[in-house]
Amino acid sequence: MAQVRLVLALVLAALWLFALLPFHLVALVLLKFGLRFPAGRIPVVFHKGLLKLFGVRCHVSNGMPKDRPLLLVANHVSWLDIVVLGSIAPLSFVAKSDMKSWPIFGQLAQLQRTVFVERGDRRGSAIQAGEIAERLVLNEVMVLFPEGTTTDHNRIEPFKTSLFEAAKLALKESAVDHATVQPVAIHYTHLHGLPLSRAERPHVAWPGEIGLGESLLPLVRTGALDVHVKLGEPVVFDKSTHRKKVAAETRATIEAMLDPSQA
């Protein structure tokens with residue numbers, strides 16, 4: 001039965017993609033002429049549909065501020081994080097450059113106008129932060145996973161701070177006096193209605209040593225997964241703010257939001 005569910009979900013996901021793709025391609029063309037709304041909404045519809053097909057229930061606490069520029073900073077657990085966050089609002093992501101060459105997923109990331117960066121490239125970090133800043137200035141909401149990798153969902157890796165500079169660079173190119181950085185906690189909590197224990201959480205995660213297929217297929221086959229997305233208190237980032245301070249503050253907020261005793 002699980003195998004039938006897997007095949008059916010993947011077939012329907014492909015049909016859903018091909019049904020929406022022509023509209024999105026047209027929207028991307030319109031985007032060049034300043035018509036931004038359609039290009040942002042179609043991926044949201046796509047991701048919402050995928051969550052239903054994969055049996056994932058997404059629960060969102062709080063909302064995003066209206067202030068722009070806005071940079072979302074989230075912990076990174078699974079490939080599903082993209083679908084989960086993408087279902088909430090029109091967003092674009094920052095991802096590792098090697099993802100661009102992945103079959104299917106690389107093309108999908110490009111369609112969502114992902115900014116690809118070379119992790120560990122200190123010399124190029126200013127240029128990469130500048131690319132993110134350009135999008136922030138256009139009032140696009142960007143999502144950064146500052147751990148630089150996925151985890152086993154039982155810990156948060158130290159944040160890499162170089163790309164936080166994008167918030168400050170956006171101020172230099174815009175008329176506003178501050179940018180907003182919002183911490184986001186992604187927490188997969190239940191499977192088939194039962195709470196995930198600490199020992200079970202890695203089964204829904206995507207640690208770096210596991211291939212994408214090994215992580216993707218079991219989750220799609222199983223379904224009935226609950227994920228909670230908590231949007232934390234926004235942090236003001238102005239010209240005097242230091243990126244390491246904001247990185248430490250947002251990381252501490254995400255850890256607190258993931259703490260069961262704070263629920």
_As a quick check of understanding, evaluate salt bridge (Lys or Arg N to Asp or Glu O under 4.0 Å) for Arg135 and Glu131, giving each step before the final call._
CA-CA 7 Å; Arg135 301 281 289 278; Glu131 293 176 1; over 6 Å; no

*For Leu12 and Trp16, what are the C-alpha separation, side-chain angles and deciding distance, and is it a side-chain contact (heavy atoms from CB on, under 4.5 Å)?*
CA-CA 6 Å; Leu12 290 176; Trp16 183 234; over 6 Å; no

*Decide side-chain contact (heavy atoms from CB on, under 4.5 Å) for Ile156 and Leu258; before the verdict, give the C-alpha distance in whole Å, the side-chain angles of both, and the deciding distance to 0.1 Å.*
CA-CA 10 Å; Ile156 299 180; Leu258 291 174; 3.7 Å; yes

*Please assess Lys96 against Glu118 for the test salt bridge (Lys or Arg N to Asp or Glu O under 4.0 Å), listing each intermediate value before the final yes or no.*
CA-CA 6 Å; Lys96 293 185 292 186; Glu118 288 281 354; over 6 Å; no

_side-chain contact (heavy atoms from CB on, under 4.5 Å) between Phe46 and Val83, intermediate numbers included_ = CA-CA 9 Å; Phe46 175 66; Val83 183; over 6 Å; no

_Determine whether Val11 and Leu15 satisfy the following criterion, side-chain contact (heavy atoms from CB on, under 4.5 Å), listing intermediate values before the conclusion._
CA-CA 6 Å; Val11 169; Leu15 293 174; 4.2 Å; yes

*Under the side-chain hydrogen bond (donor to acceptor under 3.5 Å, both in side chains) rule, what do Asp81 and Ser78 come out as? Steps first, then yes or no, please.*
CA-CA 6 Å; Asp81 298 347; Ser78 166; 5.0 Å; no

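Side chain of Arg251 to backbone of Asn75: no donor-acceptor contact under 3.5 angstrom is found. Of the possible polar contacts, none joining the Lys100 side chain to the Gly106 backbone as a donor-acceptor pair under 3.5 Å is found. For Lys239 (side chain) and Leu171 (main-chain N/O), no donor-acceptor pair under 3.5 Å exists by modelled atom type. Asn154 places a side-chain N or O within donor-acceptor distance of the main-chain N or O of Arg198, the cut-off being under 3.5 Å. Remark: the backbone N or O of Thr189 is not paired with any side-chain donor or acceptor of Asp226 at under 3.5 angstrom. Counting only distance, with no hydrogens or angles, the side chain of Lys48 and the backbone of Ser87 share a donor-acceptor pair below 3.5 Å. Of the possible donor and acceptor atoms, none in the side chain of Glu173 sits under 3.5 Å from a partner among the backbone N and O of Ala170. The backbone N or O of Pro43 sits nowhere less than 3.5 Å from a side-chain atom of Gln112 that would complete a donor-acceptor pair. Under the 3.5 Å distance criterion, the side-chain polar atoms of Lys230 are left unmatched by any main-chain donor or acceptor of Ala185.
A donor and an acceptor atom, one from each side chain of Thr151 and Glu157, are nowhere located under 3.5 Å apart.
Scanning all heavy atoms of the two residues, the minimum distance from Leu91 to Leu85 falls at CD1-O, 3.1 Å. Residues Gln182 and Gly63 come closest through the heavy atom pair NE2-O, 3.1 Å. The two residues Arg68 and Val176 come nearest to each other via the heavy atoms O-CG1, 4.0 Å. The shortest non-hydrogen separation linking Phe164 to Arg243 is CB-CB, 3.7 Å. Here the closest non-hydrogen pair linking Leu225 and Leu191 is CD1-CD1, 4.0 Å. For Ala74 against Glu147, the heavy-atom pair with the smallest separation is O-OE1, 4.4 Å.
The shortest side-chain heavy-atom distance between Leu80 and Tyr188 falls under the 4.5 Å cut-off. Two residues are said to be in side-chain contact when any heavy atoms from C-beta on lie closer than 4.5 Å; His190 and Pro195 meet this criterion. Within the 4.5 Å cutoff, the side chain of Leu108 has heavy atoms near those of the Leu17 side chain. Looking only at side-chain heavy atoms (C-beta outward), Thr180 and Leu71 stay at 4.5 Å or farther from each other. A 4.5 Å side-chain heavy-atom check between Val84 and Leu51 finds at least one atom pair inside the cut-off. Residues Arg113 and Leu31 have side chains in contact (heavy-atom distance under 4.5 Å, counting atoms from C-beta outward).
If you take CE on Met99 and CD on Gln110, they are separated by 9.5 Å, rounding to the nearest 0.5 Å. In this structure, CD1 on Ile132 lies 11.0 Å from OG on Ser92, to the nearest 0.5 angstrom.
Remark: aromatic rings of His228 and His187 are distant, center separation not under 6.0 Å.
Counting heavy atoms of neighbouring residues, nucleotides and ligands inside a 6.0 Å radius, atom CZ of Phe116 exceeds 12 of them.
If you run side chain to side chain contact (heavy atoms under 4.5 Å, CB included) between Phe145 and each of Thr150, Val94, Leu72, Ile82, only Ile82 comes through. Val246 pairs in a side chain to side chain contact (heavy atoms under 4.5 Å, CB included) with only one of the listed residues (Val73, Val235, Thr161), which is Val235.
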